[in-house]
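Working notes for the structure below.
The basis for the numbers below is simple: all heavy atoms, side chains too, and nothing from hydrogens, waters or symmetry mates.
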Amino acid sequence: MPDANSLYGPLDPAPDAGWTAAGPRMGFFTDTSVCIGCKACEVACKEWNAVPESGFDLLGMSYDNTGALTANSWRHVAFIEQPVPAGHRTAAFAGDPTGGSAGATSAAVAAGTGSASGTNPGVPPGDADAAARMAGTVPSVAPDGTGTRFLGMPGAAPPGRGTGAETRTDFRWLMMSDVCKHCTHAACLDVCPTGSLFRTEFGTVVVQEDICNGCGYCISACPYGVIDQRKGDGRAWKCTLCYDRLGAGMTPACAQACPTESIQYGPLDELRDRAAQRVATLHERGVPQARLYGHDPTDGVGGDGAFFLLLDEPEVYGLPPDPVVTTRDLPRMWRRAGLAALAMTAAAVAAFVGGSS
């Protein structure tokens with residue numbers, strides 16, 4: 001029997017699912033702008049939840065060796081390469097986010113040997129020449145003895161590539177640790193015939209593998225394609241947001257292991273406020289592409305319990321731009337089907353009565 005929160009219901013899922021003493025809704029905020037792609041979250045998730053290893057799969061198109069969320073990968077760090085003109089980025093050490101390239105002075109400051117004012121009180125010693133070379137501001141004789149070139153980054157470019165910041169094209173990495181979204185309006189809950197999927201007191205959605213019969217309805221119902229069946233097992237598996245750890249007052253394993261705090265865990269309302277501040281900060285620093293995904297309680301799934309800060313369109317990360325709970329139209333469909341059945345019954349009765357008379 002689906003809980004009252006199903007089929008596009010209220011926005012406070014845990015109390016509406018019957019948890020009378022539920023606390024604040026808990027969730028994840030994943031800030032992809034500080035993700036370094038280390039995959040510590042993937043490893044921590046596997047170790048704590050005893051998720052089987054996925055094997056070493058060379059996809060042939062990325063350094064990512066897991067590829068997607070699966071029954072054996074409840075956290076997946078996506079590696080996305082994008083060609084981006086280097087001159088369009090914020091210059092290193094530049095005070096103005098839209099300023100030009102870093103000069104020798106700012107490079108020396110970064111190395112700890114100088115300051116913007118020309119003095120250097122109390123700054124640790126360093127190699128100003130090396131810092132300037134890394135900034136690409138110190139010319140030297142080319143290997144063939146002719147002309148000059150800039151050493152270091154970005155000057156040390158492959159043959160045939162321009163060395164100027166405005167002409168050089170390079171790649172940028174977009175890293176994203178994906179996970180089950182723990183939707184407010186969870187279609188997987190609506191369609192599960194055994195009650196294997198349930199809403200926890202923290203507002204998260206969990207699969208009870210000992211009740212799952214492997215029907216696969218939840219897999220086709222998920223608007224994000226998160227849930228998967230394990231080969232040789234047949235049952236559905238996905239992130240539980242470490243339900244056992246939450247009950248003990250602990251942080252989920254992936255958030256605990258994240259070295260950059262890209263994955264943040266806490267009360268969902270606090271995370272949303274923190275995420276909005278982070279987006280505002282990135283906009284001030286010259287990153288207008290920063291945006292939130294899955295944070296809006298008025299979207300097609302009532303907002304996600306796990307939402308993200310992205311640096312590009314959702315489609316770039318393999319996310320649907322406008323997800324909608326797939327069972328949203330079921331009540332209207334059943335009503336229409338019922339009316340059609342009544343009309344057919346009435347027509348049959350009228351034909352029988354008319355024929356017998």
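Judged by distance alone, the side chain of Ser196 and the main-chain N or O of Gln208 form a donor-acceptor pair under 3.5 Å. The main-chain N or O of Ala68 is never found under 3.5 Å from a side-chain atom of Thr66 such that the two would form a donor-acceptor pair. Judged by distance alone, the side chain of Arg291 and the main-chain N or O of Leu311 form no donor-acceptor pair under 3.5 Å. Remark: the backbone N or O of Arg172 is not paired with any side-chain donor or acceptor of Glu81 at under 3.5 angstrom. Without hydrogens or angle criteria, Thr30 side chain to Ile263 main chain gives no donor-acceptor distance under 3.5 Å. Arg245 places a side-chain N or O within donor-acceptor distance of the main-chain N or O of Thr251, the cut-off being under 3.5 Å. Remark: the backbone N or O of Val179 is not paired with any side-chain donor or acceptor of Lys238 at under 3.5 angstrom.
Side chains of Ser177 and Cys41 form a contact here, defined as non-hydrogen atoms less than 4.5 Å apart. Inter-residue side-chain proximity for Gln264 and Arg274 is flagged as met; some heavy-atom pair is nearer than 4.5 Å.
Through side-chain heavy atoms spaced under 4.5 Å, either directly or across other Ile, Leu, Val, Met, Phe, Trp or Tyr residues, Trp74 is tied to Val51, Trp237. Ile227 shares a hydrophobic cluster with Ile219; the chain of contacts runs through ILVMFWY side chains whose heavy atoms sit under 4.5 Å apart.
Between Lys231 and Asp228 there is no salt bridge, since no side-chain nitrogen of the basic residue lies less than 4.0 Å from a carboxylate oxygen of the acidic one.
Asp64 and His76 share a side-chain donor-acceptor pair at under 3.5 Å. In this structure, a donor-acceptor pair under 3.5 Å is absent between the side chains of Thr204 and Arg25. A side-chain N or O of Thr298 and one of Asp296 form a donor-acceptor pair less than 3.5 Å apart. Side chains of Asp304 and Tyr293: a donor-acceptor N/O pair is absent below 3.5 angstrom, by distance only.
For Glu315, the side chain to side chain contact (heavy atoms under 4.5 Å, CB included) test picks out Glu313, Pro321, with sequence neighbours left out. Under the side chain to side chain contact (heavy atoms under 4.5 Å, CB included) criterion, Cys35 pairs with Val77, Met175, Ser262, not counting sequence neighbours. With sequence neighbours left out, the side chain to side chain donor-acceptor pair (under 3.5 Å) criterion links Asp31 to Ser33, Arg278. The ring pair (Phe, Tyr, Trp, His ring centres under 6.0 Å) search around Tyr217 returns none, not counting sequence neighbours.
Stacking of Arg199 on the aromatic ring of Trp19 is not recorded, the 6.0 Å distance cut-off and the 45° axial limit not both being met.
In the displayed structure, Gln289 atom CD is contacted under 6.0 Å by more than 12 heavy atoms of other residues, nucleotides or ligands.
Annotation: Phe29 is in aromatic contact with Phe307 [ring centroid separation under 6.0 Å].
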